[in-house]
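Here is the structure we will look at.
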Amino acid sequence: MQFIYKIPGYILILMGGFFLSWGGLLIRNFEGADVWQILFWRALFFSLTLFIFLFLNYKKHTFLIIKKSGFAALFAGLLMSTSFVAYIVAMTETSVANVVFIISTQTMFLALFGYLFLKEKISFKTFVSIVLAMLGIVIMVGDSLSKGSLFGDLIALLIPINFAALILIIRKYPNIDLVPSLLYSGLLGCLYGFLASKTIIISTHDLYVAFLLGTVQHSFGFIAVTIGARTTPAVVVGILMLTETLFAPFWVWLFLNEIPPTSVFTGGALIITAVIIKSLDYKYSKTS
């Protein structure tokens, strides 16, 4: 699997965003599985795929790498596992466009948390981007009040908030390999799904969809982004990850004719503008 590390970082980020963009469409294709059954099987396939990937790369040192990651990786895995739950619940409660646009606000939450917990200064451009992103969310959530999808929008907000907290952990422990946190998140997801579902038995069709969701969409997406981000400037990562934001609503429109209201695209446009402003501000601060 070492050949993956030879692929240019920006290509891996694009691939990761492309894989992750299929999540909403795949979740829409389950026949009868409920949220907790989907969570269990998605997390199981994700865990198995990730362990195989870790073993192929670290071989006999796999368990040593996992052990060395310590409590930081376990806590990071806990945050990610709650995001996995939020992702599936949000996708079943609101539109795919709402979810992915809200997820793209993660860079703004990262700037806000950096200010609150790391005492990092917020530039004027970053402040403007935060205001635009929050305004975009308000527009989408306001529309959801009349359409019954407010719960899904609020649950989706947990994803970028958890992501920002996760990045803070990574920055606090820069010398620790936190890749095992992905494995912890998958195992915790399995536990949540197993305990919460009445039965884990699902149809063959749903099992196949869960395999695609956990292995191709989730595992391949996260692996590509994780490796690609190591050699790709943050400004580029932020912009290239908009691939997921742009493609996810397109897939459900193309295959399921799910067309979000105009307010979603209005709010989404503000959020994307905010991400680009934040990314350009980061680039300027790095070169000045």
Side-chain angles (χ1 to χ4, degrees), residues 4 7-30 38-39 41-43 45-46 49-50 80 83-107 133 136-137 140 149 152-153 155-160 162-163 182 185-186 189 208-229 232 236-260 264-265 267-276 279:
I4 295 179
I7 300 175
Y10 71 94
I11 297 295
L12 286 174
I13 298 296
L14 283 173
M15 290 171 58
F18 179 77
F19 284 129
L20 292 174
S21 71
W22 290 91
L25 177 64
L26 288 173
I27 289 176
R28 291 286 194 273
N29 272 277
F30 280 98
I38 295 173
L39 175 64
W41 287 106
R42 182 202 197 201
F45 285 123
F46 174 73
T49 304
L50 190 65
M80 292 181 66
S83 291
F84 294 168
V85 177
Y87 181 83
I88 295 175
V89 172
M91 282 294 186
T92 58
E93 293 290 336
T94 189
S95 73
V96 171
N98 282 43
V99 175
V100 294
F101 283 135
I102 290 174
I103 289 176
S104 67
T105 64
Q106 55 199 19
T107 55
I137 291 176
M140 288 192 292
S149 58
D153 289 349
I155 290 295
L157 267 175
L158 292 176
I159 303 172
N162 280 352
F163 176 81
L182 295 174
S185 66
Y208 174 68
V209 176
F211 169 78
L212 293 177
L213 191 64
T215 300
V216 180
Q217 184 263 341
H218 201 47
S219 299
F220 290 0
F222 266 92
I223 289 172
V225 171
T226 301
I227 297 175
T232 307
V236 180
V237 173
I239 293 177
L240 293 181
M241 280 304 295
L242 290 177
T243 304
E244 177 188 6
T245 308
L246 297 175
F247 273 105
F250 175 75
W251 300 136
V252 291
W253 167 76
L254 182 64
F255 293 103
L256 301 178
N257 199 33
E258 179 180 305
I259 305 175
V264 171
F265 290 109
L270 287 174
I271 291 172
I272 290 177
T273 301
V275 172
I276 294 175
S279 299

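Here, residue 1 is the first one in the sequence, and each next residue gets the next number.
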Report task. Apply the test side-chain contact (heavy atoms from CB on, under 4.5 Å) to residues Val264 and Phe101: give CA-CA distance (whole Å), side-chain angles for both, the deciding distance (0.1 Å), then the verdict. Result -> CA-CA 8 Å; Val264 171; Phe101 283 135; 4.0 Å; yes
Query raised in the report: Roughly how far, to the nearest 0.5 Å, is CD1 of Ile7 from CG of Leu14?
Result: 12.0 Å
Report task. For Leu50 and Phe222, run side-chain contact (heavy atoms from CB on, under 4.5 Å): C-alpha distance rounded to whole Å, both residues' side-chain angles, the deciding distance at 0.1 Å, then the answer. Result -> CA-CA 10 Å; Leu50 190 65; Phe222 266 92; over 6 Å; no
**Report entry** Check: Ile88 main-chain N/O paired with Thr92 side-chain donor or acceptor under 3.5 Å
**Finding:** yes
Report summary line: Taking every heavy atom of Gly17 against every heavy atom of Val225, the minimum-distance pair comes out as N-CG2, 4.4 Å
Query raised in the report: Parallel, tilted or perpendicular for Phe46 and His218, by the 30°/60° rule?
Result: tilted
Query raised in the report: Do Ile272 and Leu246 come close enough that some side-chain heavy atom pair is under 4.5 Å?
Result: yes
Query raised in the report: Which heavy atom of Tyr87 sits nearest a heavy atom of Leu20, and at what distance?
Result: OH-O, 4.0 Å
Query raised in the report: From Ile137 CD1 over to Leu157 CG, what is the distance, rounded to the nearest 0.5 angstrom?
Result: 5.0 Å
Query raised in the report: Rounded to the nearest 0.5 Å, how far apart are CE of Met15 and CD1 of Ile227?
Result: 9.5 Å
Query raised in the report: Which heavy-atom pair separates Ile102 from Thr105 by the least distance, and what is that distance?
Result: O-OG1, 2.6 Å
Query raised in the report: Can you name the nearest heavy-atom pair linking Ala43 to Gly186, along with the distance?
Result: CB-O, 3.3 Å
Query raised in the report: What distance separates Ile103 CD1 from Ile271 CD1, expressed to the nearest 0.5 Å?
Result: 10.5 Å
Requested in this report: Specify whether Phe247 and Trp251 have parallel, tilted or perpendicular ring planes, treating 30° as the upper limit for parallel and 60° as the lower limit for perpendicular.
Outcome: parallel
Query raised in the report: Looking at OH of Tyr208 and CG of Leu26, how far apart are the two atoms once the value is rounded to the nearest 0.5 Å?
Result: 9.5 Å
Query raised in the report: Any side-chain heavy-atom pair from Thr49 and Phe220 closer than 4.5 angstrom?
Result: yes
Requested in this report: Compare every heavy atom of Ala86 with every heavy atom of Ile159, then report the nearest pair and how far apart it is.
Outcome: CG1-CB, 3.9 Å
Query raised in the report: Judged by atom type as modelled, is there a donor-acceptor pair below 3.5 Å linking the side chain of Glu258 to the main-chain atoms of Val96?
Result: yes
Query raised in the report: When rounded to the nearest 0.5 angstrom, what distance separates CZ in Arg42 from OG1 in Thr215?
Result: 11.0 Å
**Report entry** Nearest atoms (heavy-atom pairs only) where Val100 meets Thr245
**Finding:** CG2-O, 3.7 Å
Query raised in the report: Do Val216 and Trp22 touch side chain to side chain, with heavy atoms closer than 4.5 Å?
Result: no
Requested in this report: Could you check if a side-chain atom of Val99 sits within less than 4.5 angstrom of a side-chain atom of Thr94, using non-hydrogen atoms only?
Outcome: yes
Query raised in the report: Can any side-chain N or O of Ser219 pair as donor or acceptor with the backbone N or O of Gly214 at less than 3.5 Å?
Result: yes
